[in-house]
2 protein chains.
Amino acid sequence: MVVVTRTSPPGVPEGYDPSQYPAFAVTVDVVILTMVDDELQLLLVQRGQAPFAGMWAIPGGFKLPTETLDQAAARELEEETGVRAASLLTQFGAYGDPERDPRMNVVTVAYVAVLRDVGAIAAGTDAAEARLHPVNDVVAGRVELAFDHLRIVRDAIDRVRTDLEVTGVATAFVGSTFTLAELRAVYEAVWGVHLDSANFRRSLATNEGWVIPTGRRAPSGAAGGKPPELFRAGRAWQHGGPIRRPSSTKRK
Amino acid sequence: MVVVTRTSPPGVPEGYDPSQYPAFAVTVDVVILTMVDDELQLLLVQRGQAPFAGMWAIPGGFKLPTETLDQAAARELEEETGVRAASLLTQFGAYGDPERDPRMNVVTVAYVAVLRDVGAIAAGTDAAEARLHPVNDVVAGRVELAFDHLRIVRDAIDRVRTDLEVTGVATAFVGSTFTLAELRAVYEAVWGVHLDSANFRRSLATNEGWVIPTGRRAPSGAAGGKPPELFRAGRAWQHGGPIRRPSSTKRK
DNA sequence: AGAAGTTCTTGTCACCACGACCATAACTGT
DNA sequence: ACAGTTATGGTCGTGGTGACAAGAACTTCT
């Protein structure tokens with residue numbers, strides 16, 4: 001760690017310690033994804049203050065010196081939207097380009113979480129409104145986002161996409177009990193692909209411990225059909241456990 | 001983004017803008033991994049100044065307001081160790097626990113890169129020394145690291161391990177031309193597994209574009225044996241291109 | 001030189017996961 | 001009762017993979 005000796009920009013504190021250092025504001029921003037109507041949705045707040053007043057943004061705010069980044073993310077999310085997701089938040093990137101905030105030097109740490117149910121959404125005091133938007137509208141540019149939040153959202157979706165591919169943790173999207181059709185809809189929504197329902201069932205059934213049948217059945221949907229079986233998540237994908245093992249040999 | 005209104009900690013600038021905000025120092029830290037003698041090694045610098053003077057640490061330092069995080073990481077790495085790896089640095093985490101630096105509030109953004117050849121290592125002015133250490137010594141606690149750098153190193157290795165698993169980008173470790181045995185040694189070193197050389201060859205050969213035979217052969221090793229074929233990296237794993245596609249169906 | 005040892009390379013075989021697709025079961029509304 | 005819809009189970013062929021055997025090419029030892 002090297003001490004930077006340069007002429008301080010206006011506002012940098014003096015005599016804070018033996019060292020001079022450039023001062024930054026540190027913020028956290030949170031991307032909340034959820035499934036509504038078989039579509040991937042994104043939680044946004046409408047900014048009430050300049051800059052970018054009136055535009056949509058992902059919830060977030062300043063980190064306090066007394067809290068961790070994880071705590072700051074959970075706190076800001078709840079303050080601005082009323083949504084609680086502390087244990088599900090995953091840090092996935094930091095953004096610190098010099099011009100990303102027109103006011104000052106801001107470095108932000110971004111979090112993402114996928115929720116089966118966001119619960120009640122309540123806009124905070126500084127936000128004009130808070131609600132879900134389809135991610136397709138956002139990434140297609142039909143909803144203009146403040147700051148570099150579009151880039152952050154894109155990165156978040158990329159992260160979720162590959163996470164799903166590797167660990168297979170899709171149960172985070174659905175409820176505590178779910179049908180295979182619901183689970184399949186998650187995969188199809190996240191990376192726009194059609195999966196064969198029969199093969200999907202088989203691939204989960206062969207891998208022991210992914211989903212556990214409850215024995216109960218859900219009522220048929222509006223269009224009828226055989227009542228689907230209800231499952232709950234197995235312990236195979238509790239928290240970052242490796243699923244696919246690399247190919248290996250035994251001897252030598 | 002919400003404006004935090006609280007009594008400023010000592011040293012927070014006043015009148016910088018309409019808003020008050022907590023001031024942080026932002027640093028970047030870089031984990032450099034390389035293979036030496038079929039062993040995974042880690043680039044460390046010995047701290048010349050308090051705190052943690054004399055202890056080993058991963059290279060890093062303060063971000064400047066005029067540069068991006070990526071630029072800061074590349075600059076600090078070269079300043080402290082003489083190693084250049086700008087295009088290979090990958091951001092993988094941010095650390096901001098309140099007590100992680102005893103002097104002040106510091107949030108650090110961590111980068112990792114895997115190099116086939118670190119080149120000449122030259123300790124910077126503030127570092128007493130800079131050299132490679134076997135990662136096994138570090139994670140086993142035989143080399144004491146400053147700050148929370150042990151945690152950062154552990155996370156970096158985890159990241160590389162899974163990256164290798166998903167994208168298969170192992171050519172970053174080896175030279176521009178390499179034998180399959182060298183490439184296989186990378187996999188075996190990163191996640192401690194024995195791979196069958198015949199199957200390893202086949203899995204690379206069937207996947208078009210991973211490795212390209214040069215037609216030339218390397219000289220035999222010290223123990224003799226048939227001279228191995230020389231390969232160079234294919235374009236399949238240039239920069240984050242997806243390798244494994246999820247299973248899908250065509251119709252409906 | 002010949003033998004022995006080492007490494008690289010090609011080949012074979014069995015198995016299993018997977019995509020594609022069909023058939024049947026179970027339920028809805030008309 | 002009947003058509004429409006969804007869930008579930010089964011079959012078949014293909015391809016990737018682990019295990020292993022055998023040959024090719026080179027070095028070192030005797």
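The figures here come from the full heavy-atom set of this structure, side chains too, leaving out hydrogens, waters and symmetry mates. Each chain gets a letter, A, B and so on, in the order its sequence line appears, and its residues count up from 1.
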Ring pair (Phe, Tyr, Trp, His ring centres under 6.0 Å) with A:F92: which residues, sequence neighbours excluded? none

CD (A:E144) with more than 12 external heavy atoms under 6.0 Å: no

Let me know the distance between CZ of B:F178 and C1' of C:dC8, rounded to the nearest Å. 16 Å

Who passes side chain to side chain contact (heavy atoms under 4.5 Å, CB included) against B:R151, sequence neighbours left out? B:Y95, B:D97, B:D155

Could you give the CZ-to-C1' distance, from B:F200 to C:dT7, as a whole number of Å? 16 Å

Give each protein N/O atom lying under 3.5 Å from an N/O atom of nucleotides 26-30 of chain D, with the pair distance.
{"residue": "D:dC26", "atom": "O2", "partner": "B:G225", "partner atom": "N", "Å": "3.4"}

Hey, is CZ on B:R217 packed in by over 12 heavy atoms from elsewhere, all under 6.0 Å? yes

Closest approach of A:P227 and A:A218, non-hydrogen atoms and distance? CB-O, 3.2 Å

To the nearest angstrom, the CZ-P distance between A:F231 and D:dT8 comes to 6 Å

According to salt bridge (Lys or Arg N to Asp or Glu O under 4.0 Å), who are the partners of A:E129, at least two apart in sequence or on a separate chain? A:R131

List the residues meeting salt bridge (Lys or Arg N to Asp or Glu O under 4.0 Å) with B:R154, not counting sequence neighbours, and say none if there are none. none

Expected rows: protein N/O vs nucleotides 10-13 of chain C N/O, under 3.5 Å:
{"residue": "C:dT10", "atom": "OP2", "partner": "B:R201", "partner atom": "NH1", "Å": "3.1"}

Residue pair B:V83, B:V30: steps toward the side chain to side chain contact (heavy atoms under 4.5 Å, CB included) verdict: CA-CA 11 Å; B:V83 174; B:V30 181; over 6 Å; no

Between C1' of D:dT17 and CG of B:L204, the distance in whole Å: 13 Å

